[in-house]
Amino acid sequence: MNPKAHPTSAETIAQFERYVIPNYRRFPVTLVRGEGSLIWDAEGRQYLDFFPGWGCNLIGHCPPRVVEAVREQVGQLIHVPNTWYMESQGQFAQALSERSFGGQCFFCNSGTEANEAAIKLARVHGHAAGRTRIVTAFGGFHGRTYAALTATAQPKYHAGFEPMVPDFSYIPYDDLEAAATVIDHRTAAVMVEPIQGEGGVRIPSPGYLEGLRALCDERGALLILDEVQTGLGRTGRWFGYQLTEAVPDILTCAKALAGGVACGVMMAKTEIAAALKPGLHASTFGGNPIACRAGLATIETIEEDRLLARAESIGARFNCHFESLRSAFPDLVRNIRIRGVMIGLELAVDATPVLSGCLERQLLINVTQGTVIRLLPSLTITDAEIDQGCEILTEVIRHLPPV
Ligand SMILES: *Cc1c(COP(=O)(O)O)cnc(C)c1O
């Protein structure tokens, strides 16, 4: 097989139907190459990507410094196990620690694994004191493995997979009164997203994270923030909690962490991390040299190209487009929720037809919770690309069936 001659999208789809488990709904397109906010399919059609890599490609498709670092690393050392020291893992851990709360890192390969590690650490830390309960918020999303899935308080994700992991409790998001009735001497940790991503880009009220922090301190529970989606610059800060006064005990990050290369991390305050003694938790591929070099190159790109500051101006430009849509169609736009390049546009109608309308016009977006158009554009997107994509998007929305 000549890898240079692409099979057609139809050929690849036929192959999937025969050989790949159909557990995903996929667009009928094979993507073959990407650069920045642009991506091309097997037929050579170009798309503008407002949702690159489901949030993983925060600095665009094939960011040059990451490509270079990975190319260099694969020729030196692809993998060594965590029974040895690796330069790049130590450097990446230091870089993340210095850009957050000064704790220590455990590396893995995905968001759900980072959350499993956080839940295990919280339990082993609280075990002797009888603190085993994990409290999470309705509408949250924490991953698909069992503990992270149990933490994901959305019935549609549990259905058919019960029984779930014991001793989890759920509270309404952005409701401190409810939190105060649930967090107690049996609580190991409270785990929430600083902004609920999959839950519809739900931004909590000012003071919510600070309130949870205070409740956790008062009742002796740990605060875990799931920054798998908000992390490494998406909100215009390295981590979403840095938009608030609250500091977590444990933080998880993945998606954008290594410029699109698979990588996850759990960071914990050093005195808490000490509970994870040798032998208690592990990941074979976690912290491998390729992922860590990619992560370091991602941080370097964000700093040298001043992309954290850019997050805010990108968000503002999307906001402008959506505000004009709202003034023209006040009945159609229910809410606009934007923090940096984490963007939610809630419609008063089913938003799923917008997906195919945009795809036809070669714009890639996401819809979550039925009515929310979710965009996670790259920090490297240009103003012209934003304007071009927003014109397509607002055009498609305007032609939705009337409310
Ligand atoms: C995507 C996501 C996860 C799961 O990450 P995977 O890498 O798919 O396991 C967990 N938490 C949040 C907030 C996410 O957005």
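Counting starts at 1 for both ligands and their atoms, in listed order.
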Within the 3.5 Å criterion, strictly below it, is a donor on Thr145 or Thr112 matched to an acceptor on the partner's side chain? yes
Look at the aromatic rings of Phe106 and His281 and report parallel, tilted or perpendicular, splitting at 30° and 60°. tilted
Tabulate distances under 3.5 Å between N/O atoms of ligand 1 and N/O atoms of the protein, writing both atom names on each line.
residue  : atom   : partner : partner atom : Å
ligand 1 : 7 (O)  : Gly111  : N            : 2.8
ligand 1 : 9 (O)  : Gly111  : N            : 3.4
ligand 1 : 9 (O)  : Thr112  : N            : 2.8
ligand 1 : 11 (N) : Phe141  : O            : 3.1
ligand 1 : 11 (N) : Asp226  : OD1          : 3.4
ligand 1 : 11 (N) : Asp226  : OD2          : 2.8
ligand 1 : 15 (O) : Gln229  : NE2          : 2.8
ligand 1 : 15 (O) : Lys255  : NZ           : 2.7

Among all residues two or more places apart in sequence or in another chain, which pass the side chain to side chain contact (heavy atoms under 4.5 Å, CB included) test with Glu177? Asp175
For Phe322 and Phe318, take the angle between the two ring planes, folded into 0 to 90°, and tell me which bin it lands in: parallel under 30, tilted 30 to 60, perpendicular over 60. tilted
Parallel, tilted or perpendicular, as decided by the 30° and 60° cut-offs, for the rings of Tyr173 and Tyr208: perpendicular
For the pair Arg186 and Asp167, find out whether any cationic side-chain nitrogen is under 4.0 Å from an anionic carboxylate oxygen. yes
